[in-house]
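Notes for the one structure printed next.
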Number of protein chains: 2
Amino acid sequence: MSTIKDVANEANVSVATVSRVLNNNGYVNEDTRKKVLKAIEKLDYKPNAVARSLFKKQSKTIALIVPDIKNPFFPEIARAIEDVLNNNDYTLILCNSDEHEDKEKKYFDVMKQKYVDGVIIVTSTLAPNYIEKNNIPIVSLDRPIHQSIPSVSVNNYEGAKEAVQYLKAIGCKKIAHVRGPVSVINADERYKGYLSEVCNEPWFSEEFIINGNYNVLETAKATMVLLSKHRDIDGIFSGNDYMALGVLKAATQMGIRIPQDLSLIGFDGIQLCELTSPEITTMAQPIYELGESAAKLLLNMIEGKAVNPAQQEFKVSLKIGQSTKVLR
Amino acid sequence: MSTIKDVANEANVSVATVSRVLNNNGYVNEDTRKKVLKAIEKLDYKPNAVARSLFKKQSKTIALIVPDIKNPFFPEIARAIEDVLNNNDYTLILCNSDEHEDKEKKYFDVMKQKYVDGVIIVTSTLAPNYIEKNNIPIVSLDRPIHQSIPSVSVNNYEGAKEAVQYLKAIGCKKIAHVRGPVSVINADERYKGYLSEVCNEPWFSEEFIINGNYNVLETAKATMVLLSKHRDIDGIFSGNDYMALGVLKAATQMGIRIPQDLSLIGFDGIQLCELTSPEITTMAQPIYELGESAAKLLLNMIEGKAVNPAQQEFKVSLKIGQSTKVLR
DNA sequence: TTCTAACATGTAACCGGTTACACATCAAAA
DNA sequence: TTTTGATGTGTAACCGGTTACATGTTAGAA
């Protein structure tokens with residue numbers, strides 16, 4: 001690899017001049033510029049990003065911290081983010097936290113040591129003041145942490161209400177809920193949305209709420225228990241699409257037909273919804289847009305641009321599949 | 001952030017001594033070491049990874065280049081890799097190539113500019129000599145490129161044969177194949193494995209081979225055409241699990257029952273296989289192990305350790321689900 | 001007692017860029 | 001003709017580490 005010095009020698013100028021050409025700042029005579037450009041071409045010179053980072057204290061790199069990239073929601077998000085970064089000459093570092101605060105903090109340390117310019121994080125465990133004292137541009141995605149921290153998320157509460165309302169509208173008489181992990185903010189919000197819609201119904205019972213922990217197999221098991229005890233449940237609102245797979249599995253195994261016997265609605269709108277049979281009805285988040293917005297927001301923060309709505313909330317929209325009865 | 005100079009001042013020693021303590025090399029008096037350690041503690045000093053990189057010409061970072069992280073095979077691989085890296089104080093950069101050579105090359109340029117220590121790549125488009133001239137430790141994963149380039153993959157040909165043999169064993173009389181993209185090496189190998197098992201069968205016809213391009217919707221469409229034309233097909237070997245979802249979808253839509261009317265076997269063994277109903281029978285790759293091995297192999301190469309079997313081939317194993325008739 | 005090698009520490013060059021500053025030129029304005 | 005500001009370029013400090021080399025001490029061997 002040739003260095004800026006090699007280019008300077010080749011072009012018979014100083015490194016400062018080469019640097020000026022490279023960065024397009026300062027005064028450079030047109031002929032000199034051409035000479036330098038020719039030398040760069042000849043030597044196939046690529047500036048050393050590390051040296052540049054050291055001086056500039058920034059690395060053109062951002063980190064994405066998610067609980068587990070194997071959860072199919074996150075690859076879709078990650079893809080959107082990477083696309084934006086790629087278009088802006090940034091690089092993406094991927095981190096799996098397993099919802100574990102220690103791992104998150106360890107990643108933060110590394111990020112700072114590597115001059116990572118910013119972080120997009122999906123977390124429920126990290127305290128706002130820890131983040132603030134780290135003093136690194138950050139966007140929380142999918143799960144708002146605190147007003148003080150810019151975030152990109154959706155209206156989970158209203159979305160959940162809408163999901164349950166839809167189940168009611170198509171004629172469901174007893175609606176259960178598979179909730180996500182306790183104290184994961186979006187799971188809590190969706191749970192509250194469900195609750196607000198059903199708590200005053202005469203048929204409602206606490207037993208209609210089970211915890212699937214955003215885990216498919218756990219959900220399948222719990223659903224089997226639920227459905228064998230309450231055979232008259234005819235609607236299930238699943239806290240996310242991934243768990244809806246578990247519900248689908250349990251129902252199929254028990255010979256319960258979806259949607260004839262049981263209507264199922266999920267949340268998220270991951271691509272997988274369209275690939276199952278029946279296709280899963282869901283409250284779809286604009287997933288790609290979420291990732292895109294988070295990335296753009298973060299880049300703006302890094303470049304010091306004004307960031308007006310620091311808390312961006314997108315709307316979810318009903319995406320009707322085949323897992324719910326047809327509305328007449 | 002405090003620097004090594006701050007620590008040196010605090011401990012009343014030179015930066016060289018601090019560096020020696022940090023890296024545990026050279027001679028350092030025990031008392032001095034303690035003084036330095038105390039200063040480090042007091043200042044909460046973390047060495048600057050960028051400065052270190054500049055001198056050492058290495059970044060403790062490796063890149064993973066995959067076609068598209070949204071394909072569920074890759075997050076599982078990525079997770080395995082990240083785990084290994086995390087345990088070895090390396091960081092993972094994620095790149096999506098979309099099977100596009102230009103993007104791959106662009107990533108390579110960036111990698112070199114950032115002193116990325118090595119690359120794990122899933123590619124069909126990159127030429128061996130391009131890779132070699134880049135002179136950066138590399139492991140090709142899932143798809144061997146050339147003998148000269150270390151790789152981690154599975155026995156696709158034999159695996160495919162075994163899959164078809166199993167379909168025969170359970171009594172399938174006419175077996176079709178949904179193949180992956182032409183000139184993607186593993187898709188080609190699986191196709192050849194299928195062909196070697198069926199080309200001499202009296203019932204065989206070229207029409208039994210359709211191209212799903214590793215894409216679910218495309219597969220679903222092609223499968224519907226196939227199955228409406230050839231109603232007597234009773235077995236399908238899908239080139240991967242992801243496309244098997246498409247077959248499943250098509251069959252369900254057409255009222256063809258799996259496995260009663262049609263047995264379906266996939267390839268890969270992604271987690272999704274267990275989450276559908278019926279669960280998909282598949283030739284399972286040891287996915288986590290593959291990622292793990294690729295990462296360990298690469299780290300060994302980076303650290304200059306001998307790498308004996310530069311071409312690691314794992315075996316796939318039949319994982320019986322519910323999408324194939326029961327063997328009696 | 002002198003020599004030698006292990007121990008201990010500091011100085012400064014180096015990694016490969018960026019940029020503040022100094023200096024020189026030149027054309028237009030005064 | 002002198003002043004001035006825009007233009008053009010080079011020198012060297014700096015970013016924050018690592019390490020070759022120099023220097024000095026000390027203890028055991030000769």
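Basis for what follows: all heavy atoms, side chains included, without hydrogens, waters or symmetry-related copies. As the structure is a prediction and not an experimental result, all values here were calculated from the model.
- Of the candidates D:dG16, C:dG10, C:dA6, C:dG10 carries the atom nearest the B:Ser14 side chain, counting heavy atoms from C-beta on.
- Atom CG in B:Leu43 sits roughly 15 Å away from atom C1' in D:dG16 (whole-Å rounding).
- Atom CZ of B:Arg52 and atom C1' of C:dC14 are 16 Å apart (whole Å).
- Inter-residue side-chain proximity for B:Ile136 and B:Val119 is flagged as met; some heavy-atom pair is nearer than 4.5 Å.
- Spacing between atom CG of A:Asn48 and atom P of C:dG16 amounts to 7 Å, rounded to whole angstrom units.
- Distances shorter than 4.0 Å separate none of the side-chain N or O atoms of B:Thr32 from OP1 or OP2 on C:dA8.
- In this structure, A:Ile4 atom CD1 and C:dC14 atom P are separated by 17 Å, rounded to whole Å.
- Listed candidates were D:dG17, C:dG16, C:dT18. Nearest to the side chain of A:Asn23 is C:dT18.
- Put simply, NZ on A:Lys60 is 12 Å from P on C:dT18, counting in whole angstrom units.
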Do B:Leu290 and B:Val154 pass the side chain to side chain contact (heavy atoms under 4.5 Å, CB included) test, and can you show the C-alpha distance, the side-chain angles, and the key distance before you say yes or no?
CA-CA 9 Å; B:Leu290 287 172; B:Val154 296; 4.1 Å; yes

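- Of the two residues contacting DNA chain C, namely B:Arg33 and A:Ser19, the nearest-nucleotide position lying further toward the 5' end is that of B:Arg33.
- Here the straight-line distance linking atom CE of A:Met111 with atom CD1 of A:Ile93 works out to 5.0 Å at 0.5 Å rounding.
- Of all nucleotides listed (C:dT18, D:dG17, C:dA8), C:dT18 comes nearest to the side chain of A:Phe55.
- In this structure, the NZ atom of A:Lys56 is 11 Å from the P atom of C:dA20, given to the nearest Å.
- Around CD of A:Glu41, the count of heavy atoms belonging to other residues, nucleotides or ligands within 6.0 Å does not exceed 12.
- For C:dA8, the OP1/OP2 oxygens have no side-chain nitrogen or oxygen of B:Thr17 closer than 4.0 Å.
- Each of A:Asn29 and A:Val15 was assigned the nucleotide of DNA chain D with the nearest heavy atom; the assignment lying further toward the 5' end belongs to A:Asn29.
- Taking only side-chain nitrogens and oxygens, A:Ser53 never comes nearer than 4.0 Å to OP1 or OP2 of C:dG17.
- You'll find that the side chain of B:Asn25 is closest to D:dT19, out of D:dT18, D:dT9, D:dT19.
- Contact annotation: B:Lys57 side-chain N/O to C:dG16 OP1/OP2 distance is under 4.0 Å.
- For the pair B:Asp31 CG and C:dC7 P, the interatomic distance rounds to 16 Å; values are reported in whole Å.
- Phosphate contact (OP1/OP2 of C:dG17, side-chain N/O of A:Tyr45, threshold under 4.0 Å): present.
- Going from atom CD of A:Glu30 over to atom C1' of D:dT7 covers 13 Å, rounded to whole Å.
- Each of A:Val13 and B:Ala49 was matched to the nucleotide of DNA chain D holding its nearest heavy atom; the match closer to the 5' end belongs to A:Val13.
- Mapping B:Leu54 and B:Tyr27 onto DNA chain C via the closest heavy atom, the residue that lands nearer the 5' end is B:Tyr27.
- Nearest nucleotide to the side chain of B:Val28, out of D:dG17, C:dT9, D:dG10: C:dT9.
- Of the candidate nucleotides C:dT11, C:dA20, D:dG17, C:dA20 has the atom nearest to the side chain of A:Arg20.
- Under the 4.5 Å side-chain criterion, counting only non-hydrogen atoms from C-beta, A:Phe108 is in contact with A:Ile121.
- Using a cut-off of 4.0 Å between Lys/Arg side-chain N and Asp/Glu carboxylate O, A:Glu303 and A:Lys296 are scored as not salt-bridged.
- When distances run from any side-chain atom of A:Ala16 to the nucleotides C:dG17, C:dT18, D:dG10, the shortest one goes to D:dG10.
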